[in-house]
Undergrad: 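Take a look at this one; I'll ask things after.
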Amino acid sequence: MRIGIVGAGALGGAFAALLARAGHDVEVTARGAGLEAIRRDGLRLSGGYGEAHVRVEASDRLSQRPDLALVCTKAQDARQAIADNRDALEGTTVVVVQNGLEGVRVARELLPGADCFGVLSIIAANYTEPGHVRITTTAASYLGRGAGPADDGSRRVAALLSEAVPVVAVDGFEGAQWTKLVVNMLNALPAITGLSVQEVIADRRLRRVLTASMRETVRVGVACGVRFGALQGLGDRRLRLFARLPLALDQVLPLVMGARMGRVPNLGSTLQSIRRGQRTEIDFLNGAVAQRADAAGVPAPVNRTLTGLVHRVEETGAHVPVDEVLGAVAG
Ligand SMILES: NC(=O)C1=CN([C@@H]2O[C@H](COP(=O)(O)OP(=O)(O)OC[C@H]3O[C@@H](n4cnc5c(N)ncnc54)[C@H](OP(=O)(O)O)[C@@H]3O)[C@@H](O)[C@H]2O)C=CC1
Ligand SMILES: CC(C)(CO)C(=O)C(=O)O
């Protein structure tokens, strides 16, 4: 099958290498040093899914309409990337691999003739150098669309991708996006402090802030009428309970997440953007929680503060000392 990947960064590069290894005919888009490296040396994958070194077609735009396309940019770049590749994407099956709440909606808006799905990935992929991705955590990814049960289209595309990497069709995809948003509270503190996700979880004080941001996200979701979808053992009942328990007990959740992530340091996708000197997608993560909180008339001081601190790091290039982070969150 011909598969087009828009944005061969960490996850896009991983999916491209795994799909090419499974025998598909893969074309990727990349830019700058990434494009140069892929053209010259191919795409290299290491870590959790084993070694792969594949040659794939690469250019700054997809050259033709694929049977299946994966859009793997950060949320803030998706609109531009889809518009730039509209000729190739319109009318085909498009899977948006993205954190946040907006991915599938944006693709459907820009590509009314395409069959659009979303993927929520728990894989941790670190873009170590141009053309090279290291998988530090393997996990099933979740594919779906809409709020209802997984449809036949979702099951078909999930089965196809699963030839290369485990992907399950999920019921209540929109609710699952919120559950993933809770998980993505793991991203801000590494971006702010420069520590890995595991180091943040291991620090009792930062873990408290992380837990508070997760509980706040659940409360905002509840205020917005969200029913949290099932994702990696988390679901509506468990998350609602999590938001009500005393903060001290709740820290078990990030500890479990950290244990699942394993020992190889995971920077998280937001700190990786910072390290590359790029803007982050924080406005679509903690920033989206603060924005939804405003609309629902509930407070979200922790998410608002963390969003502001990530923007500060984007602007100054300097990470924030832990004590200062604690002071800012305490208000
Ligand atoms: N990395 C991870 O472990 C995980 C990531 N995710 C999510 O997956 C999504 C992708 O993340 P990740 O792979 O880390 O991101 P990366 O930043 O590593 O990759 C994104 C790629 O998109 C490219 N890109 C940016 N703008 C455009 C554009 N206008 N047109 C074409 N290509 C463009 C980037 O190129 P350039 O570098 O030149 O800007 C880059 O190659 C995000 O939503 C992230 O939150 C989810 C789970 C885990
Ligand atoms: C789950 C996690 C934290 C994996 O790295 C992620 O989604 C991200 O980095 O964006």
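Position 1 is the first residue of the sequence, and the numbers go up from there. Order of appearance sets the numbers: ligands from 1, and atoms from 1 within every ligand.
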Undergrad: Would you please write out the protein residues whose heavy atoms approach any atom of ligand 1 to under 4.0 angstrom, listed by chain and number?
TA: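 Residue list for ligand 1: Gly7, Ala8, Gly9, Ala10, Leu11, Arg31, Cys72, Thr73, Lys74, Asp77, Gln80, Ala81, Val97, Gln98, Asn99, Ser121, Ile123, Ala124, Ala125, Lys180, Ser269, Arg276, Gln278, Glu281.
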Undergrad: Side-chain heavy atoms nearer than 4.5 Å, only ILVMFWY residues, links allowed to pass through others: does that put Leu210 and Val322 together?
TA: yes
Undergrad: What I want to check is whether the side chains of Ser269 and Asn187 have a donor and an acceptor closer together than 3.5 Å.
TA: yes
Undergrad: Which protein residues have a heavy atom under 4.0 Å from ligand 2?
TA: Asn99, Ile123, Ala124, Lys180, Asn184, Asn187, Asn266, Gly268, Ser269
Undergrad: Set out, in order, the CA-CA distance, both residues' side-chain angles and the distance that settles side-chain hydrogen bond (donor to acceptor under 3.5 Å, both in side chains) for Glu281 and Thr270, then state yes or no.
TA: CA-CA 7 Å; Glu281 65 185 350; Thr270 311; 5.3 Å; no
Undergrad: Does Glu90 use its side chain to pair, donor to acceptor, with the backbone of Gly113 at less than 3.5 Å?
TA: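 Answer holds: yes.
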Undergrad: Hydrophobic clusters here meaning ILVMFWY residues chained together by side-chain heavy-atom distances under 4.5 Å, can you tell me if Leu43 and Leu62 are in one?
TA: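 In one cluster: no.
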Undergrad: For the pair Arg31 and Asp60, find out whether any cationic side-chain nitrogen is under 4.0 Å from an anionic carboxylate oxygen.
TA: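 Answer for the salt bridge query: no.
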Undergrad: Compare every heavy atom of Arg145 with every heavy atom of Cys116, then report the nearest pair and how far apart it is.
TA: O-CD, 3.4 Å
Undergrad: Same cluster for Ile3 and Val157 if Ile/Leu/Val/Met/Phe/Trp/Tyr side chains link at under 4.5 Å?
TA: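 Ile3 clusters together with Val157.
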Undergrad: Is Leu186 linked to Leu239 within one hydrophobic cluster, defined over Ile, Leu, Val, Met, Phe, Trp and Tyr using a side-chain heavy-atom separation of less than 4.5 Å?
TA: yes
